[in-house]
2 protein chains.
Amino acid sequence: MSRTVEFDKDDIIEKAMNTFWTKGYEGTTLKDLTEVTGLLKGSLYNTFKSKENLFLLCLEKYGSNSKTLFYVDGDPKEYVKNFFKRLVDEGVKKENINGCLIMNSCLEFADSDTAPAKKTKALFKTVELNFERVAKALVQDSDEDPQKYQTSLITAAFSIREISKFKKDKKFLKQIANNALRDLNIMI
Amino acid sequence: MSRTVEFDKDDIIEKAMNTFWTKGYEGTTLKDLTEVTGLLKGSLYNTFKSKENLFLLCLEKYGSNSKTLFYVDGDPKEYVKNFFKRLVDEGVKKENINGCLIMNSCLEFADSDTAPAKKTKALFKTVELNFERVAKALVQDSDEDPQKYQTSLITAAFSIREISKFKKDKKFLKQIANNALRDLNIMI
DNA sequence: CTTATTTTTGACCGTATGGTCAATTATTCA
DNA sequence: TGAATAATTGACCATACGGTCAAAAATAAG
């Protein structure tokens, strides 16, 4: 009946996502996208409608990828320990200059009210919810305030991911994490 | 002998600086610059050579402005208290979406090696030196490690300035500061 | 093999970018 | 009042941007 699509849509989204992740939304050009995906402009627009729409799909994919790293149950101390260990290890790799796509976008779209801006802020909320769940698990059967932990965990995560973009100093990044984890008697 | 310049060079640099501060280097167009300064392209290039060169002058100005906020002597506890109080108060203002030009630029130029990138990284070092001086003053005649304070103060400053670009939550921002200041028995 | 349907292609569009430059205008000194 | 000098002006440039679209190519069903 008709010609079949030659590429895997999801594969294209992932490749585009990585580009947006490194270069930001405005910093990524159509040329970048055609080069990294191997598609030509026409196909790109035929399939994804616009650069903005493709970016929204990338944000969605990034969000659902991230969910697999979110806390569900089990030992919350163990979770945060592994979480920050991974963040620091990833951060010091010199090829890793991405940061976190959600946080990068929050900064890029701080003064904007476009669809990507809204999506971005919604995704940040899900990150906050993740840390809220962890924080609550951490203070279970104690009278401590979970909000205190929530704030310090989010802040540490934000700082490590963003600062590691330009400061590849393992000791420094570990200190950020350990500072946030000290009250929990955890060290990485 | 010759026609005289009609504008104040320093005034132009300040206006340009504010634009770069809000929109970033790439995000600022020549149109933005001519509009905010009132100069036309020709004059701008005649006086400042290029967009990049003008940006370097803006970074320099921002750096020397910042120096007036750096710690010199006196009570270091009082200094950090006022410092973070100001950061939070500025951060929650909804018209303030600038963050810190140095830190913004560190993020924007993370993967770059241009003149602005280098200048930016050099300025970040001066910020680190400021906090090193404070940290040393804070641990004077004690056996504590100043590096611990240095890291947590820089991180808190970075987080408050950058997160406040998109999250105008005073309680949250204060918590970041108080977390860093707790060991000093300071609260804002 | 033909036909219907859909993807793929790349030339093309309007706009915006950073940057240049010859002509014009203003100023100061002699 | 000139002449010399320098600032100002805006038309102009090549390039790059996101986006469009008619034509070509490929496929599946009959």
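Just the heavy atoms: all of them, side chains too, but no hydrogens, waters or symmetry mates, feed the values below. In what follows, every chain begins at residue 1, and chains take the letters A, B, ... in the order their sequences are listed.
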Item to check | With B:D89, the salt bridge (charged side-chain N to carboxylate O under 4.0 Å, His left out) member among B:K174, B:K168, B:K170 | outcome: B:K170

Next on the checklist: Expressed as a whole number of angstroms, how long is the span from B:L40:CG to C:dG18:P?
Outcome noted: 15 Å

Next on the checklist: Rounded to whole Å, how long is the line connecting atom CG of B:L54 with atom C1' of C:dT17?
Outcome noted: 16 Å

Checklist entry - What residue among A:Y25, A:W21, A:Y62 forms ring pair (Phe, Tyr, Trp, His ring centres under 6.0 Å) with A:F55? => result A:Y25

Checklist entry - Does the side-chain hydrogen bond (donor to acceptor under 3.5 Å, both in side chains) test come out yes or no for A:N53 and A:S50, once each step is laid out? => result CA-CA 5 Å; A:N53 197 62; A:S50 66; 5.4 Å; no

Item to check | Polar side-chain contact A:K51-D:dG18 base: donor and acceptor under 3.5 Å | outcome: no

Checklist entry - Just checking B:T28: base, sugar-phosphate only, or nothing, at a heavy-atom cut-off of under 4.0 Å? => result sugar-phosphate

Item to check | Protein-nucleotide distance (A:Y45, atom OH; C:dA11, atom P), rounded to Å | outcome: 18 Å

Next on the checklist: Distance check needed: D:dA6 P versus B:N46 CG, whole Å only.
Outcome noted: 11 Å

Checklist entry - Rounded to whole angstroms, how far apart are CG on A:N53 and P on D:dG18? => result 15 Å

Checklist outcome for this item: The side-chain contact (heavy atoms from CB on, under 4.5 Å) partner of B:V88 among B:N178, B:I176, B:L173 is B:L173

Checklist entry - Hey, does B:S43 reach any base, or is it just sugar-phosphate, or nothing, if we go heavy atoms under 4.0 Å? => result base

Checklist entry - How long is the line joining NZ of A:K31 and P of D:dT15, in whole Å? => result 13 Å

Item to check | Rounded interatomic separation in angstrom, taking OH from B:Y25 and P from C:dT17 | outcome: 14 Å

Checklist outcome for this item: By nearest-heavy-atom nucleotide on DNA chain D, the more 5' of B:G42 and A:S50 is B:G42

Checklist outcome for this item: To the nearest angstrom, the NZ-P distance between A:K49 and D:dT20 comes to 10 Å

